[in-house]
Amino acid sequence: MPDIEDVFDTLATTLDQVGVERAPLFLAKAALALAQALNDPERARAIIEAAARPDPAHQR
Amino acid sequence: MRPEGRGEYDSLYFTYPQFEAPAADAPRDTDAPVIIVGAGPVGMTAALTLAAEGVRCLLVEAKGTFNDGSRAICVSRSSYHILERIGAVAPFLREGLPWTMGRTLYRGQQILEFQMPDGSDDRFRPMYNLQQQYIEAFLWDAVAAQPLIETRWQTRVTAVEDQDGGVAVTLSDPHGDYRVSAPWLLAADGARSAIRGMRGLRLKGENYEGRYVIADVRMAHDYPTIRRALFDPGCRPGGTVLIHRQPQDIWRIDYQLGDGESAEEATREDVVRASVSAVLAEIGHTGDWELEWWSVYSANTLALDEYRDGRVFFIGDSAHIVPIFGVRGLNNGLADAQNIGWKLGRVVTGRAGEGLLDSYTPERRGATLDVFANAQKSTRFMTPPTAGWRLMRDAALSLALTQDWAGQLANPRQMTPYTYADSPAVVAGAGGFGPAAALGAMLPDAAEGDGFLSECLGPGFTLLCFGPALEVAHLDLTVLSLPCDGAAGKRLGAAKGAALLIRPDLHIGARWSAPTPQAVLAAIATILSTKVA
Ligand SMILES: Cc1cc2nc3c(=O)[nH]c(=O)nc-3n(C[C@H](O)[C@H](O)[C@H](O)COP(=O)(O)OP(=O)(O)OC[C@H]3O[C@@H](n4cnc5c(N)ncnc54)[C@H](O)[C@@H]3O)c2cc1C
């Protein structure tokens, strides 16, 4: 998956650039802008909900 | 509150009249069918609506003058239509400052400019700014000229009691206490309604954290009548500021208090002066200004579960309290007054059955809940209640600096009239119209001939026929014939031969693609809860 790997790298390096303090605002902006670009509110909601779920291993 | 050395009614620009209580020897009994408690804007509008239906009322008011500060300032288009129907709109048109747009700034940079729907088909502008004292003074001029309304100032209701077929109230004035009764009572006695308490009823809902100081200042400031909202401005980091122009060089500044600021401290005169100065510096006003009045405010969404209690109806702030950002407190109250007025007026004069009154709560409480839904959204944006809301709000504002779609999240969703789609006082039927003429919606206006559609309507119900006028006769009905390719037909998306039944409050009561006289009479009978004439 070379494309998503690029995005992964960009997020990691950008997070380091903005620093810990501004990270939440940066991530909130990125999530909102990505959802807008996705142009599918239902899917955006489902992705957000899925990301909030605890990891399977921790559910026990 | 007012500056040191000035009394509660010591305004820079408005002279408060002083109204006397009834003379000691004036008769105190009444045979009016309706008693209205509270001569605020809502009580007076209800009295004028009843008078327009030929119904007398007794209007009692505890104070001897109008409300003490400017309070509500934004009067909506739908309210202007209400004022027009009761013959009171002329001074409002003369003095109100019309506006159509808003600007939102984030850290000093504009992120949104919104336009409210407006065009040559609209007789009135979407919004007018006018201080509440003027709103009350203009309504009072109309009330004083109306022989069907008896007003008693300095007369307070101290007790209320049900009677067979009516309500008795104890009234207290400087000369003593006495009892009067009437078949119906309208409680227009405001947010702290005494009647509500006496009936053992409570408002339910939410109180929000955010608190605002609202201050009026007089200054020569050159800026058009545009709603300005400043998010995170230099003068109040993290807070929100709203600025509105009013007549007489008065400007309304609303600014949010921070978490650490106490309301007591923030409303001290020197603190208010310093805060206002900082806001004025931010908007580039360098000249003189004078402080007129200020108050502190926090957002609530509170309402009664039921607006009727036997023969008592709650109207205006006594029934519901809404946040100011949607500018609906006053506007919704005026719509309550008109709604109960046209219905009760018809019941009292035998033109409608009491069943018509059952539609008051669903229609007007429905409107309140709709306001709550919108207000919750705008209040969360204006004063985020939690860390999560704040982070997302800031993210949206920050994106809005460069991307228009994000600015839309800051749109304040100003007043639009509520659609009574599921009301018992509308009649579902075949369409024949576009979405602008939804069942239960307020009739959109249209340029017709030399004037407007709204000016052609009858005093009661109106049947708008898009084709030849239907041959149908009813005492409460005016029949109009309009071309379906004219301005009204186009705006409403009318098919040839279709017809709309407009209620006295300008809401659409029924629609037909192929109307018949029988169907029209049956619909009017259903709405009025009577038998077909
Ligand atoms: C400080 C402040 C700021 C506001 N700012 C805004 C704003 O910016 N925008 C907005 O839309 N709305 C605003 N509002 C709300 C707006 O003023 C109200 O929605 C509006 O006044 C409601 O009108 P009303 O007639 O229902 O009640 P009121 O105007 O409160 O009138 C009630 C009347 O009943 C009388 N009364 C009370 N008890 C009795 C009794 N027992 N017997 C006889 N008479 C009685 C009172 O004296 C009063 O005159 C503000 C309110 C306040 C207090």
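In what follows, chains are A, B, ... by sequence order, proteins preceding strands, each numbered from 1. FYI, side chains are in, hydrogens and waters are out, and symmetry mates aren't considered; it's all heavy atoms of this structure.
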Subject >> Within 6.0 angstrom of A/F8 CZ, more than 12 heavy atoms from elsewhere >> reply: no
Original post:
Of the backbone (N, CA, C, O) and the side chain (C-beta and beyond), which part of B/A406 lies under 4.5 Å from a heavy atom of chain A, both, or neither?
Top reply: neither
Subject >> Heavy atoms of other groups near B/W405 CH2, more than 12 under 6.0 Å >> reply: yes
**OP:** Could you pull out all residues at least two apart from B/F372 that satisfy ring pair (Phe, Tyr, Trp, His ring centres under 6.0 Å)?
**Re:** none
**OP:** Inspect the surroundings of CD in B/Q115 and state if more than 12 heavy atoms from other residues, nucleotides or ligands are less than 6.0 Å away.
**Re:** yes
**OP:** Write out, in numerical order, the residues from residues 25-33 of chain A with a heavy atom short of 4.5 Å from a heavy atom in chain B.
**Re:** A/L25, A/A28, A/K29, A/L32, A/A33
Original post:
Can you list the residues that meet the salt bridge (Lys or Arg N to Asp or Glu O under 4.0 Å) rule with B/D232, with sequence neighbours excluded?
Top reply: B/R107
Original post:
Among residues 39-50 of chain A, which ones touch chain B with a heavy-atom distance under 4.5 Å?
Top reply: none
Original post:
Can you tell me if CZ on A/R22 sees more than 12 non-hydrogen neighbours from other groups inside 6.0 Å?
Top reply: no
